[in-house]
*Asks:* 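Structure below; questions to follow.
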2 protein chains.
Amino acid sequence: MNIGMNIGQAASASGVSAKMIRYYEEIGLIRPSARTANNYRIYSEDEVHVLRFIKRARSLGFSLEETERLLALWQDRERESAAVKAVATSHIADLERRIGEMQTMVKTLKHLAHCCSGNARPDCPILEDLAGNGAEGADPSFAHTRDG
Amino acid sequence: MNIGMNIGQAASASGVSAKMIRYYEEIGLIRPSARTANNYRIYSEDEVHVLRFIKRARSLGFSLEETERLLALWQDRERESAAVKAVATSHIADLERRIGEMQTMVKTLKHLAHCCSGNARPDCPILEDLAGNGAEGADPSFAHTRDG
DNA sequence: TGTAGGGCTTCCCATCATGGGAAGGTCAAG
DNA sequence: CTTGACCTTCCCATGATGGGAAGCCCTACA
């Protein structure tokens with residue numbers, strides 16, 4: 001029925017946990033819902049629609065702040081699509097930057113792992129790299145010689 | 001020289017901030033340093049070497065927990081390089097998984113942004129997708145059929 | 001000798017988004 | 001009338017880092 005759902009029903013209808021619905025309300029991302037006489041939150045279909053919007057935005061990696069902006073644009077019939085596109089484009093750039101950083105890590109790690117025999121002996125180019133390229137890393141007996 | 005550095009000197013020598021050095025000590029990643037009479041921390045070259053190891057591991061994306069394991073292996077002359085390689089390999093897999101997730105987001109977002117005219121009018125396929133109205137055929141990653 | 005400054009110490013708070021759990025109210029079914 | 005499944009608020013934890021306050025210590029300089 002579209003009359004009203006309690007928070008648990010709204011959660012399963014939207015995919016947003018009850019915990020998160022309360023949190024979104026607390027930080028002002030969504031407006032406080034109506035309450036029943038016994039102080040239970042109740043949600044309309046429209047409010048669940050908003051929650052699904054948020055869920056989808058989050059699943060595309062938008063931050064809550066970006067999601068808030070997108071939500072405002074969605075609800076603004078006078079919006080310019082350019083504003084929406086700008087949010088998306090900047091998010092794409094951010095994702096690509098982070099992907100690039102991680103790919104650099106993967107490339108280095110794969111090289112090191114490839115060079116590591118991965119057997120029962122202690123010699124390990126991965127540790128040598130972490131220790132600072134050197135042969136020094138092979139035998140770190142100097143470490144933790146303080147105290148006892 | 002190599003007699004002793006205070007925390008600020010150790011920080012600039014290792015690239016790890018003083019704040020983080022104290023934190024690593026607090027969580028047990030590094031051992032508490034010696035102190036001077038006036039309670040200042042002092043670091044040896046060896047301890048700075050450990051800090052650089054941590055710095056390098058972090059820059060390759062290892063978590064502090066993984067870094068702790070790598071550090072222990074580094075300092076264990078009886079280690080098997082297979083153990084080190086296992087940590088690295090699992091980290092590579094994690095990175096690749098996250099890269100994949102982000103690439104999926106980028107792909108969807110680029111498609112939506114491409115379809116968005118980005119002008120002064122309100123029509124916007126990006127918002128339509130987020131609202132769930134749009135062409136769900138475009139990317140049905142909607143299916144969060146993960147409940148139970 | 002006094003003071004300014006910079007470094008050090010500990011302690012608390014904030015981030016970002018989410019979950020866990022306690023203590024207590026409320027409702028529906030048995 | 002009990003049991004259990006909801007709901008409520010409140011506090012705490014995560015991971016890794018930074019900000020900043022209050023206070024101690026040392027050095028340099030007038």
Side-chain angles (χ1 to χ4, degrees), chain A residues 4-30 32-43 47-48 51 53-71 91 94-95 98 101-102 105, chain B residues 4-30 32-43 47-48 51 53-71 91 94-95 98 101-102 105 144 146-148:
Chain A
M5 292 175 253
N6 62 27
I7 201 169
Q9 293 166 322
S12 38
S14 67
V16 178
S17 73
K19 212 82 179 173
M20 279 302 101
I21 295 175
R22 293 192 197 98
Y23 175 65
Y24 293 162
E25 179 188 307
E26 186 193 328
I27 64 170
L29 180 61
I30 59 177
S33 73
R35 301 281 185 133
T36 64
N38 54 31
N39 205 31
Y40 285 16
R41 289 172 179 82
I42 43 175
Y43 295 90
E47 287 168 306
V48 169
L51 289 171
F53 182 101
I54 293 170
K55 177 76 179 175
R56 175 70 175 148
R58 296 286 302 123
S59 80
L60 287 176
F62 288 106
S63 70
L64 288 185
E65 198 180 339
E66 288 164 330
T67 301
E68 188 168 24
R69 249 174 289 155
L70 293 170
L71 209 41
H91 178 46
D94 191 50
L95 283 169
R98 283 152 54 195
E101 286 173 5
M102 286 196 266
M105 292 175 189
Chain B
M5 290 177 254
N6 62 25
I7 200 170
Q9 293 166 323
S12 37
S14 66
V16 178
S17 74
K19 212 84 178 173
M20 280 302 102
I21 295 175
R22 293 191 197 100
Y23 175 65
Y24 294 162
E25 180 187 305
E26 185 192 329
I27 64 170
L29 180 62
I30 58 178
S33 73
R35 302 280 185 134
T36 64
N38 54 31
N39 205 32
Y40 285 17
R41 288 172 179 82
I42 44 176
Y43 295 90
E47 287 169 308
V48 169
L51 289 171
F53 182 102
I54 294 170
K55 177 76 180 176
R56 174 72 176 149
R58 295 287 302 124
S59 80
L60 288 175
F62 288 106
S63 70
L64 287 186
E65 198 179 339
E66 289 164 328
T67 300
E68 189 168 23
R69 250 175 288 155
L70 293 170
L71 209 41
H91 178 46
D94 190 52
L95 284 169
R98 282 151 55 195
E101 286 172 6
M102 285 196 265
M105 293 175 189
H144 290 291
R146 188 172 180 64
D147 61 334

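Just so we're clear, the structure is a prediction, and the values are computed from it rather than from any experiment. Within every chain, numbering begins at 1; the chains are lettered A, B, ... in the order of the sequence lines, protein sequences first and strands thereafter.
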*Asks:* Side chain of B/Met20, heavy atoms from C-beta onward: which of D/dT17, D/dT8, C/dG19 has the nearest atom to it?
*Replies:*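 It is D/dT17.
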*Asks:* Sort and list the pairs that fulfil side chain to side chain donor-acceptor pair (under 3.5 Å) and have at least one residue in residues 58-71 of chain B, not counting sequence neighbours.
*Replies:* B/Ser63-B/Glu66
*Asks:* Give the rounded distance in Å between these two atoms: OH of B/Tyr23 and C1' of C/dT15.
*Replies:*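 Answer to the nearest Å: 13 Å.
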*Asks:* Can you tell me how far the OH atom of B/Tyr43 sits from the CD1 atom of B/Ile30, to the nearest 0.5 Å?
*Replies:* 5.0 Å
*Asks:* Do any side-chain nitrogens or oxygens of B/Arg41 fall under 4.0 Å of OP1 or OP2 in C/dC8?
*Replies:*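 No.
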*Asks:* Can you give me the closest heavy-atom contact between A/Leu95 and A/Leu60, atom names plus distance?
*Replies:*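 Minimum heavy-atom separation between A/Leu95 and A/Leu60: CD1-O, 4.3 Å.
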*Asks:* So, is A/Ser17 near the phosphate of C/dG19, with a side-chain N or O under 4.0 Å from OP1 or OP2?
*Replies:* yes
*Asks:* Using a 3.5 Å distance criterion without hydrogens, assess whether the side chain of A/Lys55 forms a donor-acceptor pair with backbone atoms of A/Ser14.
*Replies:* no
*Asks:* Counting only side-chain N and O atoms of B/Asn6, is one of them less than 4.0 Å from OP1 or OP2 of C/dC8?
*Replies:*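 True: B/Asn6 side-chain N/O within range (under 4.0 Å) of C/dC8 OP1/OP2.
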*Asks:* C/dG7 C1' sits how many Å from B/Ile21 CD1, rounded?
*Replies:* 14 Å
*Asks:* Can you list the residues that meet the ring pair (Phe, Tyr, Trp, His ring centres under 6.0 Å) rule with A/Tyr40, with sequence neighbours excluded?
*Replies:*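 For A/Tyr40 there are no ring pair (Phe, Tyr, Trp, His ring centres under 6.0 Å) partners, ignoring immediate neighbours.
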*Asks:* Could you give the CG-to-C1' distance, from A/Leu51 to C/dT18, as a whole number of Å?
*Replies:* 16 Å
*Asks:* Check whether any side-chain N or O of B/Tyr24 sits under 4.0 Å from OP1 or OP2 of D/dT17, and answer yes or no.
*Replies:*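 True: B/Tyr24 side-chain N/O within range (under 4.0 Å) of D/dT17 OP1/OP2.
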*Asks:* If you compare every side-chain N and O of A/Arg58 against the phosphate oxygens of C/dT18 (OP1, OP2), does one of them come in below 4.0 Å?
*Replies:*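 Looking at the OP1 and OP2 atoms of C/dT18, one of them is under 4.0 Å from a side-chain N or O of A/Arg58.
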*Asks:* Give, for atom CG of B/Leu51 and atom CD1 of B/Ile7, the distance between the pair rounded to the nearest 0.5 Å.
*Replies:* 8.5 Å
*Asks:* Can you build the contact string for nucleotides 21-30 of chain C? Use B for base contact, S for sugar-phosphate-only contact, and - for no protein heavy atom under 4.0 Å.
*Replies:* B---BBS---
*Asks:* In residues 61-69 of chain A, which ones come under 4.0 Å of DNA chain C, going by heavy atoms?
*Replies:*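 Residues of residues 61-69 of chain A that come under 4.0 Å of DNA chain C are, in numerical order, A/Ser63, A/Leu64.
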*Asks:* Please give me the minimum heavy-atom distance between A/Met5 and A/Ala13, naming the atom from each residue.
*Replies:*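 So the minimum-distance heavy-atom pair works out to SD-CB, 4.3 Å.
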*Asks:* Within this structure, what is the CG-CE distance for the pair B/Asp94 and A/Met102, rounded to the nearest 0.5 Å?
*Replies:* 9.0 Å
*Asks:* From CD1 of B/Ile7 over to P of D/dG18, roughly how many Å is that when rounded to an integer?
*Replies:*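 Nearest whole value for this atom pair: 13 Å.
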*Asks:* Base, sugar-phosphate, or nothing for B/Arg22, non-hydrogen atoms under 4.0 angstrom?
*Replies:* base
*Asks:* For the CZ atom of B/Phe62 and the CD1 atom of B/Ile54, what is their distance to the nearest 0.5 Å?
*Replies:* 13.5 Å
*Asks:* Under 3.5 Å, side-chain donor or acceptor atoms of residues 20-28 of chain A against the rest of the protein: list the pairs with distances, not counting sequence neighbours.
*Replies:*
unit_1: A/Glu25; atom_1: OE1; unit_2: A/Arg41; atom_2: NE; d: 3.0

*Asks:* In whole angstroms, how far is the P atom of D/dC7 from the OH atom of A/Tyr43?
*Replies:* 10 Å
*Asks:* Whole angstroms only, please: what is the CG-C1' distance between A/Asn39 and D/dC10?
*Replies:*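 Checked: the CG to C1' distance equals 14 Å.
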*Asks:* Would you name the heavy atoms of B/Ala11 and B/Ala18 that are closest together and state the gap between them?
*Replies:* CB-N, 3.7 Å
*Asks:* How bent is the helix from C/dT1-D/dA30 to C/dG30-D/dC1, comparing axes over its five end pairs at each side, to the nearest 10°?
*Replies:*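 The angle separating the two end axes equals 30°.
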